[in-house]
Amino acid sequence: MKRRCRVCLIVAGILAALAPARAEELRLGRDAGAPRSSKDSPAFPKGTWAVEVSGGYVQPVRFSLDKFYNANVGLGYFVLDNFSIGAQLEGYYDEQPSHTAVVGGAGFMLRLHLFAFDRFTLYLDGAGSVTMADKPVPEFGTHVNLTGKAGGGITYRLRDNVYLEAGARYFHLSNGNLHGRDQNPSYDGVQYYGGVMFTF
């Protein structure tokens with residue numbers, strides 16, 4: 001868990017370090033060295049708010065067995081051009097070999113839109129949350145867990161202030177050995193998701 005937490009922190013640090021330089025490139029709408037134009041503008045200007053509604057599925061990898069189906073609602077704020085910080089509410093339905101569980105959570109997300117062209121943007125993001133389940137998750141685990149997610153995706157502008165989004169993330173869940181290794185059967189998977197984002 002500590003190693004995976006370090007990976008999530010490294011991803012968050014990279015996003016934060018890349019944000020100012022890449023935001024300037026996206027503000028120009030092309031490479032930073034290209035001439036400016038009055039028509040140039042960032043895909044998501046500083047000061048923009050965004051509301052996201054998404055759903056997804058987590059495919060287990062390695063030794064994990066559970067299958068998670070999830071729905072999220074998030075609110076983000078662009079602190080720099082094309083770089084946002086946000087909060088999320090999460091809900092999961094967990095299919096385990098012996099039983100099912102319902103999981104709720106709350107957390108944060110960082111997102112950096114690296115490239116913009118026509119109606120599309122490509123982005124990297126990372127997130128973390130605290131979750132509570134009605135039954136132990138994973139099997140023989142605990143009710144309270146932490147999650148870490150990192151990956152990327154794409155947005156497509158349907159019309160002004162309305163975007164479709166889709167992507168994939170590495171997904172990790174465990175309790176950080178809060179109750180010892182015997183009660184921390186960590187879970188790893190790939191989260192595939194899609195949703196709608198509204199900006200204002």
**Q** When hydrophobic residues are tied together by side-chain contacts of less than 4.5 Å, even through go-betweens, does V102 share a cluster with L65?
**A** no
**Q** For the residue pair L173 and P138, what are the closest heavy atoms and their distance?
**A** CD2-CD, 3.9 Å
**Q** Please report the interatomic distance CE(M109) to OG(S84), rounded to the nearest 0.5 Å.
**A** 8.5 Å
**Q** Return the set of residues passing side-chain hydrogen bond (donor to acceptor under 3.5 Å, both in side chains) with T131 (not counting sequence neighbours), or none when no residue passes.
**A** none
**Q** So which atom in A43 and which in A116 form the shortest heavy-atom distance, rounded to 0.1 Å?
**A** CB-CB, 4.2 Å
**Q** Nearest 0.5 Å, what's the OG1-CE distance between T142 and M132?
**A** 9.5 Å
**Q** What's the shortest heavy-atom distance between P136 and Q96, and which atoms?
**A** O-NE2, 3.0 Å
**Q** For a quick test of reading the model, state the closest non-hydrogen atom pair linking G74 to Q88 and the distance between them.
**A** CA-CG, 4.0 Å
**Q** Go through the steps to decide whether V51 and W49 satisfy the test side chain to side chain contact (heavy atoms under 4.5 Å, CB included), and finish with yes or no.
**A** CA-CA 7 Å; V51 174; W49 288 90; over 6 Å; no
**Q** Which atom pair, heavy atoms only, marks the closest approach of V144 to N175?
**A** O-CB, 3.6 Å
**Q** Determine the minimum heavy-atom distance between P97 and D66, stating which atoms define it.
**A** CD-OD1, 4.1 Å
**Q** May I ask whether Y77 and L80 are part of the same hydrophobic cluster, defined by side-chain heavy atoms of I, L, V, M, F, W, Y residues being less than 4.5 angstrom apart, directly or through others?
**A** yes
**Q** Hey, any chance L75 and V196 share a hydrophobic cluster, counting ILVMFWY side chains that come within less than 4.5 Å of each other, even indirectly?
**A** yes
**Q** More than 12 foreign heavy atoms under 6.0 Å from CZ of F63: is that the case here?
**A** no
**Q** Per the salt bridge (charged side-chain N to carboxylate O under 4.0 Å, His left out) rule, what does the pair list look like for residues 88-110, sequence neighbours excluded?
**A** E90-K149
**Q** Side chain to side chain contact (heavy atoms under 4.5 Å, CB included) between F108 and I85: does it pass, once the steps are laid out?
**A** CA-CA 7 Å; F108 72 94; I85 297 175; 5.9 Å; no
**Q** Stepwise, does the side chain to side chain contact (heavy atoms under 4.5 Å, CB included) test hold for N70 with Q191?
**A** CA-CA 9 Å; N70 74 286; Q191 180 184 44; 3.4 Å; yes
**Q** Decide side chain to side chain contact (heavy atoms under 4.5 Å, CB included) for D125 and R169; before the verdict, give the C-alpha distance in whole Å, the side-chain angles of both, and the deciding distance to 0.1 Å.
**A** CA-CA 8 Å; D125 62 17; R169 303 183 184 106; 3.1 Å; yes
**Q** What pairs of donor and acceptor atoms, side-chain ones from residues 153-166 against any protein atom, are under 3.5 angstrom apart with sequence neighbours left out?
**A**
unit_1: T155; atom_1: OG1; unit_2: T121; atom_2: OG1; d: 2.5
unit_1: N161; atom_1: OD1; unit_2: T199; atom_2: OG1; d: 3.2
unit_1: E165; atom_1: OE1; unit_2: R111; atom_2: NH1; d: 3.0

**Q** Is it possible for you to say whether F120 and F115 belong to one hydrophobic cluster, with membership spreading through side-chain heavy-atom contacts below 4.5 Å?
**A** yes
**Q** Under 3.5 Å, is there a donor-acceptor pair between the Y123 and N82 side chains?
**A** no
**Q** Please check if L122 and L110 belong to a single hydrophobic cluster, counting links between Ile, Leu, Val, Met, Phe, Trp and Tyr side chain heavy atoms closer than 4.5 Å.
**A** yes
**Q** Just jot down the side chain to side chain contact (heavy atoms under 4.5 Å, CB included) partners of P60, sequence neighbours excluded, or say none.
**A** Y57, S64, K67, Y187
**Q** Kindly write out the residues that satisfy side chain to side chain contact (heavy atoms under 4.5 Å, CB included) with A133, not counting sequence neighbours, or none if the list is empty.
**A** V103, V137
**Q** What is the distance from atom OH of Y93 to atom CZ of F68, rounded to the nearest 0.5 Å?
**A** 12.0 Å
**Q** In the hydrophobic cluster built from side-chain contacts under 4.5 Å, what are the other members alongside Y192?
**A** V61, V190
